[in-house]
Amino acid sequence: MHVLVLGSGQLARMMSLAGAPLNIRISALDVDTGNIVHPLTQQSLKCELEDAIAQVDVITAEFEHIPHDILEICEKSGKLIPSASAIKAGGDRRVEKNLLEKANVPNAQHCIIETREDFDRAISHLGLPLVLKSALGGYDGKGQWRLTKDDQIETVWPEIAQCLASGNHQAIVAEQFVSFEREVSIVGTRGKDGNIALYPLAENTHTHGVLALSTAIDEPLLQQQAEAIFAATAKELDYVGVLALEFFELDGTLLVNEIAPRVHNSGHWTQQGAETCQFENHLRAVCGLPLGSTSLTRPTSMINILGEDVLPNEILTIEGCHIHWYGKEKRAGRKMGHINVSSDDNNSLKQTLSRVANLLDIDAFPALHQYTSTLSEYGN
Ligand code: ATP
Ligand code: MG
């Protein structure tokens, strides 16, 4: 099988690595340059998009912000999985909110803002604090504003107005601020036959709006809720492939924060901690192969490497530690790679995470240090 991935970043790279044992070959579209490239080397394959579409068996996407004209061309070929509408739902917060309402899935109350009047109405209707998010183009906490006090209204508005003026059918989704206790996510895969296989929930910690740490958790009541919400959402989208849902946990209840119609950063732990990783399962689903088991094989955490391109080699001497670099040029805060840390049980996982933290700079890995320091405070 030959699969074209729309997007040529780390997710396409990891699909390529996971697909090789199944003889699934990946080419990737670099959306910025329009080149078809090899996902590991980024070398141009000297092929036009139309030719690539004709040559491959399946087309899929590694992110949701794909220009709509490209999605249309791919959909016309009959090879795009998941569908263009499912990918677009993840890339436009208005469509996403509609979908959640239609699937009867709990989520934060919201209003759509296109004008100053809408902005004032959102404040009076939802109250403060508010989180304001650009409908299009947001990721890793970018394109977001917090409005906590009345005296910020007039300083935030010009920034909102500027974002709205950027054209391209932009809007703002204003959401009530959720005082969540935790953030968790579920990653799962749905086959062409409608069968679903779900991974255990991951507990997620963010630094400056970017995922920093994910740990697979075993909490049956929350898992049940998340699985029901996943099934309703995936069915509404008639989804095929890996889908991720991010949640806020509040008093034992899950509210959906957002959906990602693709393999997801909070599922990278599955490379070492699950029977079949999310990348292989996405390829299996879109290629019409049977889905692989999503069972946890070992308790596992994933640490994101943000803005660093060198780590002490000693990390590799720690049993259960695996580094995955993305081969990207260093930039402040950029996702450069991740470390998966596995162990035989939850207690020894915590000890291993502390050993890893001891080798890493606190300024570069604040969430990990914060997490492991809480463990030692409680005598773990
Ligand atoms: P990513 O691409 O990393 O998932 P994103 O840019 O798509 O991020 P969100 O996931 O919507 O944006 O928001 C980023 C983070 O901001 C959330 O993980 C959460 O910590 C916080 N956040 C977002 N919405 C709310 C809200 N309504 N109430 C409280 N916190 C929020
Ligand atoms: Mg998010």
Side-chain angles (χ1 to χ4, degrees), residues 7 9-11 61-66 87-97 99-101 105-113 122-123 125-148 156 160 163 170-187 201-215 226 229 233 242-251 253-268 278 302-307 333-336 338 366-367 370-371:
Q10 65 265 22
L11 303 179
E62 69 148 17
F63 78 138
E64 50 276 29
H65 303 299
I66 308 284
I87 297 169
K88 285 181 195 166
D92 186 332
R93 293 188 195 274
R94 288 164 289 200
V95 183
E96 186 177 8
K97 283 287 191 184
L99 164 83
L100 298 175
E101 303 288 323
V105 163
N107 62 96
Q109 269 205 57
H110 77 284
C111 291
I112 308 289
I113 299 175
I123 294 167
H125 182 65
L126 300 171
L128 299 186
L130 282 181
V131 181
L132 302 156
K133 305 180 180 180
S134 64
L136 301 167
Y139 68 98
D140 286 348
K142 294 183 177 70
Q144 288 198 17
W145 298 262
R146 302 286 156 100
L147 190 50
T148 41
V156 167
I160 298 291
C163 175
Q170 185 59 284
I172 301 289
V173 175
E175 267 181 21
Q176 234 166 23
F177 183 85
V178 180
S179 304
F180 56 81
E181 287 133 26
R182 254 198 321 186
E183 290 188 85
V184 297
S185 58
I186 193 156
V187 173
L201 280 164
E203 177 181 338
N204 302 323
T205 313
H206 295 79
T207 304
H208 308 303
V210 183
L211 184 67
L213 190 65
S214 269
T215 300
I229 295 173
T233 314
V242 165
L243 171 73
L245 302 184
E246 298 177 8
F247 300 102
F248 300 131
E249 182 188 349
L250 189 68
D251 296 331
T253 300
L254 296 180
L255 287 185
V256 172
N257 169 30
E258 63 173 354
I259 68 164
R262 54 174 165 81
V263 286
H264 194 255
N265 198 170
S266 70
H268 292 0
Q278 63 164 347
M302 184 235 42
I303 305 160
N304 259 349
I305 306 169
L306 302 171
R334 191 174 198 195
K335 287 179 181 169
M336 301 295 292
H338 65 271
Q370 167 75 29
Y371 183 70

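In what follows, every heavy atom counts, from backbone to side chain, and hydrogens, waters and symmetry copies are set aside. Indexing begins at 1, ligand by ligand and atom by atom, following the structure's order.
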Check: Which protein heavy atom lies closest to atom 24 (N) of ligand 1, and at what distance to 0.1 Å?
Finding: Lys133 NZ, 2.9 Å
Next item on the list: Report the part of Asn204 (side chain from C-beta onward, or backbone N, CA, C, O) that has a heavy atom under 4.0 Å from ligand 1; answer both or neither where that applies.
Entry: neither
Note to self: Glu246: which residues meet the salt bridge (charged side-chain N to carboxylate O under 4.0 Å, His left out) condition with it, sequence neighbours left out?
What the structure shows: none
Check: Given side chains that start at C-beta, do those of His268 and Leu11 come closer than 4.5 Å, heavy atoms only?
Finding: yes
Notebook entry, point to check: Taking atom types as modelled, is there a side-chain donor on Asn304 or Lys335 under 3.5 Å from an acceptor on the other?
Noted result: no
Next item on the list: Using a strict cut-off of 4.0 Å, indicate which atoms of ligand 1 neighbour a heavy atom of Arg93.
Entry: 5 (P), 6 (O), 7 (O), 11 (O), 12 (O)
Margin query: Among all protein heavy atoms in this structure, tell me which lies nearest to atom 2 (O) of ligand 1, with the distance rounded to 0.1 Å.
Written below: Asp140 N, 2.8 Å
Check: Has the side chain of Lys142 got a donor or acceptor atom that lies under 3.5 Å from a matching backbone atom of Gly209?
Finding: no
Item checked: Option nearest atom 27 (N) of ligand 1 (shortest heavy-atom distance, choices Lys142, Glu175, Glu96) -> Glu175
Notebook entry, point to check: Is His264 close to ligand 1, meaning an N/O of one under 3.5 Å from an N/O of the other?
Noted result: no
Notebook entry, point to check: With distance as the sole test, does Gln278 use its side chain to make a donor-acceptor pair with the main-chain N or O of His264 at under 3.5 Å?
Noted result: yes
Check: Got the closest protein heavy atom to atom 26 (C) of ligand 1, with its distance?
Finding: Val131 CG2, 3.6 Å
Check: What closest approach, in Å, do Val95 and Ala89 show between heavy atoms, and which atom pair accounts for it?
Finding: CG1-CA, 3.8 Å
Check: Looking at Arg146, which atoms of ligand 1 are within less than 4.0 Å of one of its heavy atoms?
Finding: 16 (O), 21 (C), 22 (N)
Checklist line | Within-4.5 Å side-chain heavy-atom neighbours: Phe177 and Arg146 | finding: yes
Item checked: Check against side-chain contact (heavy atoms from CB on, under 4.5 Å), Glu175 and Gln144 -> CA-CA 11 Å; Glu175 267 181 21; Gln144 288 198 17; over 6 Å; no
Item checked: Any side-chain heavy-atom pair of Leu254 and Ile186 under 4.5 Å -> no
Next item on the list: Nearest heavy atom to atom 30 (N) of ligand 1 wins, so pick from Phe180, Tyr139, Phe63.
Entry: Phe180
Checklist line | Residue, atom name and distance, where the atom is the protein heavy atom closest to atom 28 (N) of ligand 1 | finding: Val178 N, 2.8 Å
Item checked: Distance from atom 6 (O) of ligand 1 to nearest protein heavy atom, with residue and atom -> Gly141 N, 2.6 Å
Next item on the list: With the Mg ion (ligand 2) at the centre, find the angle made by OE2 from Glu258 and OE1 from Glu246, to 10°.
Entry: 100°
Note to self: In the complex you have, is atom 21 (C) of ligand 1 within reach of the protein, judged by whether a heavy-atom distance drops under 4.0 Å?
What the structure shows: yes
Margin query: Using every non-hydrogen atom in the two residues, find where Ala174 and Leu126 come nearest and quote the distance to one decimal.
Written below: O-CD1, 3.5 Å
Check: For atom 14 (C) of ligand 1, which protein heavy atom lies nearest, and how many Å away is it?
Finding: Gln144 NE2, 3.7 Å
Notebook entry, point to check: Can you name the closest pair of heavy atoms from Ile172 and Ser134 and give their distance?
Noted result: CD1-CA, 3.9 Å
Check: For atom 4 (O) of ligand 1, which protein heavy atom lies nearest, and how many Å away is it?
Finding: Glu258 OE2, 2.6 Å
Margin query: Starting from atom 19 (C) of ligand 1, what is the nearest protein heavy atom, named by residue and atom, and what distance separates them?
Written below: Glu183 OE1, 3.2 Å
Notebook entry, point to check: For ligand 1, which atoms sit closer than 4.0 Å to a heavy atom of Phe177?
Noted result: 28 (N), 29 (C), 30 (N)
Margin query: Can you tell me if Leu211 contacts ligand 1 (heavy atom of the residue under 4.0 Å from the ligand)?
Written below: no
Check: Do you know the tightest heavy-atom contact between Leu306 and Val210?
Finding: CD2-CG1, 3.9 Å
Notebook entry, point to check: Which ligand 1 atoms does Glu246 reach within 4.0 Å, using its non-hydrogen atoms?
Noted result: 4 (O), 10 (O)
